[in-house]
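Inspection log for the structure reproduced underneath, given as structure tokens.
Please read all numbers here as calculations on a predicted model, not as lab measurements. In what follows, every heavy atom counts, from backbone to side chain, and hydrogens, waters and symmetry copies are set aside.
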Amino acid sequence: MKASVKLFLALLMFLLAVLPFLVIYDPLSKAVPFLPNYDSPSWFVPAGFISILGIVILAITLGSGDKHKPL
């Protein structure tokens, strides 16, 4: 797998991590008083699980290519 494709997949994994972070941040912002209050929409929870599944699939894809070449 080319290095540019690996880099793109790694960046996509980081971008997919935004939704699960926002799902976790919603109750955390209500519990901790110094954090800004954030109210996430209800569709963020299923979208967060789907993005976690996407991250796992991308990690497997990155791990299965070119086992003897470093990133």
- Item | For Pro20 against Ile52, the heavy-atom pair lying closest together | CG-CG1, 3.6 Å
- Query: What's the verdict on side chain to side chain contact (heavy atoms under 4.5 Å, CB included) for Val32 and Phe34, showing C-alpha distance, side-chain angles and the deciding distance?
  - Reply: CA-CA 6 Å; Val32 180; Phe34 64 85; 3.2 Å; yes
- What is the distance from atom CG of Leu58 to atom CG of Leu11, rounded to the nearest 0.5 Å? 11.0 Å
- Item | Within residues 15-27 or reaching into it, pairs that qualify as salt bridge (Lys or Arg N to Asp or Glu O under 4.0 Å) - sequence neighbours excluded | Asp26-Lys30
- Query: Is there a chain of hydrophobic side chains (I, L, V, M, F, W, Y, each step under 4.5 Å between heavy atoms) that links Phe21 to Ile24?
  - Reply: no
- Residues that Phe44 engages under side chain to side chain contact (heavy atoms under 4.5 Å, CB included), provided they are two or more places apart: Leu19, Leu22, Val23, Tyr38, Ser40, Pro41
- Message: Let me confirm one number: the CG-CZ distance from Leu15 to Phe8, rounded to the nearest 0.5 Å.
- Response: 8.5 Å
- Return the minimal non-hydrogen interatomic distance between Pro36 and Ser29, and the atom names on each side. O-CB, 3.2 Å
- Message: Please tell me whether Trp43 and Val45 are part of a single hydrophobic cluster in this structure, the criterion being side-chain heavy atoms less than 4.5 Å apart.
- Response: yes
- Task: Quick one: list whatever passes side chain to side chain contact (heavy atoms under 4.5 Å, CB included) with Leu53, sequence neighbours left out.
- Result: Ile57
- Minimum heavy-atom distance Leu62-Ala10, with the two atoms named: CD1-N, 4.1 Å
- Taking a hydrophobic cluster as the set of Ile, Leu, Val, Met, Phe, Trp and Tyr residues connected by side-chain heavy atoms closer than 4.5 Å, whether directly or through intermediates, do Tyr25 and Phe49 fall within one such cluster? yes
